Every structure is written in C-alpha cells, then in structure tokens.
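Notes for the one structure printed next.
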There are 2 protein chains.
Amino acid sequence: MKKNIFYAQSGGVTPVINATAAGLIDYVSRNKASFGKLFVGKNGIAGALNEELIDISKEKSSELKKLVHTPGGAFGSCRIKLKDPVKNEKEFRRILEVFKAHNIGYFFYNGGGDSQDTTLKISNYCKANNYDVTCIGLPKTIDNDLPVTDNCPGFGSVAKYIATSTLEASLDVASMANSSTKVFILEVMGRHAGWLAASAGVIKDNKSMPPHLILLPEVIFDEKKFLKETKTIVKNYGYCVIVASEGIKNKKNQFIASSASKDSFGHAHLGGVAPKLANIISNKLSYKVHWAVADYLQRAARHLGSSVDVKQAYAIGFKALHYAKKGVNGVMLTIKKQKAKTYKWKIKYTKLQNVANFEKELPKSFIAKDGFGITSTCKRYIKELISGEDFPPYKDGIPVYAKLKLCIVKKKLKKFKVNL
Amino acid sequence: MKKNIFYAQSGGVTPVINATAAGLIDYVSRNKASFGKLFVGKNGIAGALNEELIDISKEKSSELKKLVHTPGGAFGSCRIKLKDPVKNEKEFRRILEVFKAHNIGYFFYNGGGDSQDTTLKISNYCKANNYDVTCIGLPKTIDNDLPVTDNCPGFGSVAKYIATSTLEASLDVASMANSSTKVFILEVMGRHAGWLAASAGVIKDNKSMPPHLILLPEVIFDEKKFLKETKTIVKNYGYCVIVASEGIKNKKNQFIASSASKDSFGHAHLGGVAPKLANIISNKLSYKVHWAVADYLQRAARHLGSSVDVKQAYAIGFKALHYAKKGVNGVMLTIKKQKAKTYKWKIKYTKLQNVANFEKELPKSFIAKDGFGITSTCKRYIKELISGEDFPPYKDGIPVYAKLKLCIVKKKLKKFKVNL
C-alpha cells in the first residue's frame, strides 16, 4: 500500500514558502505510482496535533497553480515549538497516532531553525517507536540564518524588496533634504542575524551613496559613534539614509527596542527601532527625520519576487520527494552554490542535527570595517540571490493570489487538547 | 527672441512626478521652433531664489529617458511657501529678477495645493509688474486632495502600492493568526484626506475580507467603538487587518499621533499612529499585534507604478506646453474623466484661484456607513486609477533609475539670501 504524505508550513512565513508547496504538489502529481495522498497540516504542526489535514485533491488545479506566486502560508503556519519528548511525550504520541491513522509515510516540515528542531524530534520519536516515516526538513526563512545551506528560500525576495525600497526612499529623501527631511530610517526584520539589513547595501557603489549607515545586530550599537557618523554624512552629502535591523543591541547586550512580551519560541517581541533612532537623532542633532517600519510588508512582498529565490523554493519542494523516493531520511535539504562563472546552484541535504536550533550570523568578512556597511564579498553574495524578476499576474490593478478551500480530511481519532 | 522655460518640482515628491518632467522635456524637444531653453529649478522654487537653474541640455538623453520611470524629485523639491507679496516683496522681486535675467517666458510649477498658492502668487506678482510670463500649475500629490481635477498624478501609483501591500500582509497575518499575531496595522500617509487609506479597500469583496477596518481622517476616531469592532472581527474571522491614516483625530480634534514639530508649511509633523493603535489593542485586548509604517516607502514605490497614473503624469507635462503655446495662462491643469464605457480621461485646466490652498476630502458617498470602510462608488473610482502595471527596467536585481548631472547654468545675478 502506498504511503501518504504529510507536509506543513512552520514559523514566520515568506513570499515564496508556497512555491515550495507548489514544487511538492507538482512532483506528487507526476509520480502518482510512488506516493499516496498529499495532506497538508492546517497551521503547521498544529494540523497534526488537531488532526486537521487539508486534502489537496479537493482544491481546484487553477488555484494550486497560483501557489508558486502567492505569499504568506496558504495552509496556515504556526509558532509552536515541541518540548523534549522524554519529559513531554503527550504531543509526540498524538502526532504518531495521527500519522498511523492516516497512513503517513512521509513528513516534510517547511521552516527555519526552530522548526527543524521539531522535524528532528519527530523523526527521533518515530524511530524510537518503530514507526517508519521519512522525515525531511525543507528550509525556509527570510532571515537567511540556517547553517550548512548556502542560503535560505525567502531571503532573496525580501532582500530584493529591501534593496529596492531603500533605493526608492533614498531618491525621495535626497530630493527633499534641502528644505525638509534630512534623515530617513528604514527598520527591517532580523532578530539576531543582519542578512536583511545588509541586503540594502547592494545599491551602494561608493561612500556618498545610500544607505549611508547599516545597523547590524552583529555590531554593538554605540550611540555616540552613530550620531557622529550621521552628522558627518548629512554635512557631506546633504542627507543620510539608515537601514536598521530590529535586533540591534547596546553594549549591555540589550535590544535597543524591545517590549516585555515574548513569542512562544521564547523570543522577545521586537519592533520600534526606527522611531527610537529617529527620536535620538531629532533630539541630539535637530534634523527632521522620517522613518518607516517594513514589518510584514517586507515578508509578504511577493510582488517583488526574486526569480532565483522562487526557483530555489520550488526546487526544494520538488526535490524533497525526489530524495524521499531515493530513501533519504532525517535530513534538511540545502541549497549549494556550484563552481561556475555565472551563479549556479544545486539542492543537496544535511543531517537535521546539523541545523536544528542554529542561527547563522553574517560572517565577519561580510561586514565593513567601520561596522556600518557590507563588503564587496557580501554584496556579490546578495546580488546573486535577488537576481531576476518573478512578477505575479495582475487583475484590476492588483496581484492575483491563490484562494484555497482548505477542506479537512474526515477525522479518525478523538479530539486532542493542544496545550502548548 | 524665443522665451525660455522654468519648471520646478515642489512639495512632497511622488513616484511619477518625474514622468511629468519627462512629458515636458519631450514636448520641448519636439517643438524647438516655439520655445527657448528648458531650465529646471534646483530644489523647487528655491532654484529661482538661489538662481540655481539646471540646464537640461547638459544631461545625457539616455538618462532623461529614464525619468518617466524614476521616483523622487530628480531635480530636488522643497517645502517653501512664499508669504504675502504685499508684506514680503523681497522674494517675489528676486524671482522676477531671475526670470528677467534668464529670459523666462514660461513658469510651470509641479506641486499640490500649497505649491499652487505659490504659482498663483508669482503669476499675480509678475502681472502687477508688467512682466509677461505664462504661469501654469501642474498637479501632483499622492494625497489626491486637489479640487476641480478628478484625481491627482501620484495617487494612483501609491494607491496601487497600498492595496497590494495590504493584500500581501493580510495573507501573512492570516497564516499566522492561529498561534501568533492576530492584528496587523498598516499606517499610511494622508494628513487631512483619507484617499490613501481608502485605497486599501479595493481588495475587499465582503465583510470577512481584509482590510477589516480603515481609519480615515474624515471620521472621528472613537477608541471604544474601535476596540469593540477589532474584538468582534478577531472573534469572527480569526484575525483583523487595520489600515490607518496618519491623520486620524479624536473627538477633541487632536491628532492621535502628533509630535510638537511642524513643517515649514506649518503642518504638524505626524507619524506613529500604528504603534499607538498597537499599544491600545495590546493593552486592552491582549492580542499579539504587528504594525508597519510605510512612510516614504509608499511615496517612492515606483516599482509598483500604475500605468494609468504614469500616463496621466506624463500627459500633464506634455500638455502644459501645448496649452502654453495656445496662450493659456494662470491655470492649473486638471484630469477630467470622460463619459465612456471604459475609463477615459482628458487633460483640461482650471483657474489657479480655484485650487490654491484647498484640500479635497473623501466625499461622504465614498465612506461606508459604519465609518470603517469605503463604498462601491469609491472602490470603482480607485480601481480605475490603479489599473495597469508600469514596471521600471531592472539590472542586477534592482530597478534602474535616472542619474542626472544637474549642471547649473552660469549665474548672472548677485547672491540672494533665502530666509524663509
């Protein structure tokens, strides 16, 4: 009997996570002889816990085709981190029961470092309980902070959005600086790793060009130095464009902008670095300052999709089943750059142990000496990933995105109280 | 002797103000027999005051061709409002001197309501001093708040950006709402008129769809009612997307988010409605909230240009000289919708007196009864203006925008101290 597939989306979504789902769906439809049904967890692993399995066969194929260009997590995502199975077996037992009840032989979990910890735990638990299931992690994070893989699906498109937005806003502030706004601050995501803030640096060819200051979480924020630089830049070039990561910290290792609340992964809920910096500049230097916080706008901006990123996200989904069919198990897929004159890449894999819970920061060789910019090596790296445009189709002036029915498969088990 | 042209950009810039410059430049190059040189004021009217006239003939034609798709004000803009010429003649005398010194016979001022007040004052002053100059205002404002004209160049592209961004961020929050963020707030520009906030409403077909709440400056912000609505929406649909105008006010007619600083037009410097609302919701309803402030990102987002908007902005520049040649004077050009089955428009004009210093709010017939949304009439109006895509060219993953040399014509007069 052919085994069914369980796929789910986890953690913060990206402009291209649905492209990975699209690759997976395409592979299954072309290899019906090898696989059973494809089920998708409603809201990530919560779909397994609640036995809410979305039946892909009930969706219109015209809508499924739109997944490749639809942002967000079309099947729902979650911020649920499973605890240690030795101390908290309940959830793992439940997942195993649901897998058994629905004849699941393949588990693909599409997420970042925290989510791959879940993939690993489920893989180990099933093995320990003699249940045969292929567990493969599919990388996804706009933060680009997964180890082993050369880059992560989602990053390229958001980097393209940040670079483009910084370029555009810079033209705006440059035209107004003579009699109005002199400083513009863009706050971007990136809790511990500065990949996204760094991406604004690709538009800069020399010192006079924006972004004049990039504030990375890898570099301690020194207010005095920052104000001195801002003042010099305004003096020299008439205006100053700053791109700040939400995760910048002071000498005491405190976030510049953090609130008391934490998410369920235990991370502090950030946001508001830009207005904090704006206040500092406006009080100390008396410049007129404008600021923007991109927040979900950056993470969902599929209208500016990078074609390299979309292709890689799709390939991750497609190759997941290709490798599963070959018997590969307990791994996360990776993107590896090939030696070639133009940018070429391949989908490979690494053991889940190598990636779960790791966070890859910007390497030192990517950060400019003064700490306020990126090196040419970093620029080259990011340029490859934002290359090419993959625009969605438009109707009546707005992009056309997939609308799914999300029909839940008939439940076979008793209700389970998720208490995480 | 052929008279020269003086064109300048004023006030907050837009994604398409340079398209108007492009239209003007094209008309001049095709009608060399009728016009002298085309000079552009560096930083708006400051260019006249400082005798900083940019010589267009020194620019590469390949760069000038890029103006039609370049955001920001390529020649610099300004926030300078000329005072009453009866009491403060100095600046007007200076402008007249500069016009005379450079044989200016045509003055085109590209701006919003405040800027058209400048056009009118200069037109009147020159007339009173028997200097023959054709003065024509060219409309431009993302706020869409100029009277007489059916809409304003700049609005359509920003509306398209806001509608698209709201759609995309909504897909993001919808996928996370089950275990994470339940409310997303997007703050958009619009000090006194809610056209931009309203534009998010075009993506909504029924009550369950985002944006669930649009907060307009035309509607008094009632915190109690707002919280009740937010709670009901989260209960019914699982999440709530809010688009808020920066200019919303409470019952006491105070801006919800205003700082003490004012710009040189005397307007309060706003910003920060989104975090204020986020705080209210998070304190009173305990939902996890995310918020974004689009700020200059929206105003500069030429990468999402509306093709109707770009065409209209270009036509405004092109027709400016067409009408000037015909002897039309003392007017602002307008866009008038034509009676037709599909959206058609023409460039007409109205006396400057009719537009200077006016602000056109959203008409009542455009605002939903509950005050939290827009009517189908409003939706139809905005859909016409965001229609069609006009993407800029890309290189290495980012848009290619014009880079001008901005060579200043040799000065003929003594220095003038601008003190505004």
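Quick caveat, the model's predicted, so the values are computed rather than measured. Proteins get letters first, then strands, A, B, ... in listed order; numbering begins at 1 in each. Any value given below was found using the heavy atoms of this structure, including those in side chains, with hydrogens, waters and symmetry copies removed.
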For [X], which atoms come within 4.5 Å of any heavy atom of chain B: side chain, backbone, both, or neither?
| X | value |
| --- | --- |
| Leu304(A) | side chain |
| Asn43(A) | side chain |
| Thr70(A) | side chain |
| Tyr161(A) | side chain |

Practice task
Among Lys395(A), Glu389(A), Glu384(A), single out the residue with the greatest number of heavy-atom pairs under 4.5 Å to chain B.
Solution key: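 So the answer, after comparing Lys395(A), Glu389(A), Glu384(A), is Glu389(A).
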
Problem - Under 3.5 Å side-chain donor-acceptor pair for Tyr401(A) and Glu168(B) - result: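 Per modelled atom types, Tyr401(A) and Glu168(B) side chains form a pair under 3.5 Å.
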
Practice task
Would you please say whether a donor-acceptor pair under 3.5 Å links the side chains of Thr181(B) and Tyr296(A)?
Solution key: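 On atom types as modelled, these side chains qualify, holding a pair under 3.5 Å.
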
Below 4.5 Å from any heavy atom of chain A, which atoms of [X] appear? Answer side chain, backbone, both or neither.
| X | value |
| --- | --- |
| Val173(B) | both |
| Leu186(B) | side chain |
| Ser306(B) | neither |
| Ile382(B) | neither |
| Phe75(B) | neither |

Exercise for the section: Identify the heavy atoms of Leu297(B) and Ala292(A) that sit nearest to each other, and give their distance. Expected result: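 Distance-wise, the nearest heavy atoms are CD1-CB, 4.1 Å.
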
Handout entry: Closest contact, heavy atoms only, Pro275(B) versus Trp291(A)
Key =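 Taking Pro275(B) first and Trp291(A) second, the nearest heavy atoms are CG-CH2, 4.3 Å.
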
Who wins among [options] for the most heavy-atom pairs under 4.5 Å with chain A?
| options | value |
| --- | --- |
| Asp172(B), Leu171(B), Thr166(B) | Asp172(B) |
| Ser387(B), Pro71(B), Gly44(B) | Pro71(B) |
| Gly156(B), Pro15(B), Ala301(B) | Ala301(B) |

Side-chain donor/acceptor of [X] to backbone N/O of [Y], under 3.5 Å:
| X | Y | answer |
| --- | --- | --- |
| Ser175(B) | Gly73(A) | yes |
| Ser179(A) | Arg79(B) | yes |
| Lys383(A) | Asp396(B) | no |

Look at atom [atom1] of [X] and say whether more than 12 heavy atoms of other residues, nucleotides or ligands are closer to it than 6.0 Å.
| X | atom1 | result |
| --- | --- | --- |
| Lys311(B) | NZ | no |
| Lys66(B) | NZ | yes |
| Lys204(A) | NZ | yes |

When rounded to the nearest 0.5 angstrom, what is the spacing between [atom1] in [X] and [atom2] in [Y]?
| X | Y | atom1 | atom2 | answer |
| --- | --- | --- | --- | --- |
| Arg302(B) | Thr164(A) | CZ | OG1 | 13.0 Å |
| Ser165(A) | Ile398(B) | OG | CD1 | 11.5 Å |
| Cys78(A) | Asn178(B) | SG | CG | 8.0 Å |

Problem - Side chains of His303(B) and Phe391(A) in contact at under 4.5 Å (non-hydrogen atoms) - result: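 A side-chain contact under 4.5 Å is absent here.
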
Exercise for the section: Compare all side-chain heavy atoms of Met176(A) with those of Arg299(B) and state whether any distance is below 4.5 angstrom. Expected result: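 Sidechains of Arg299(B) and Met176(A): in contact.
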
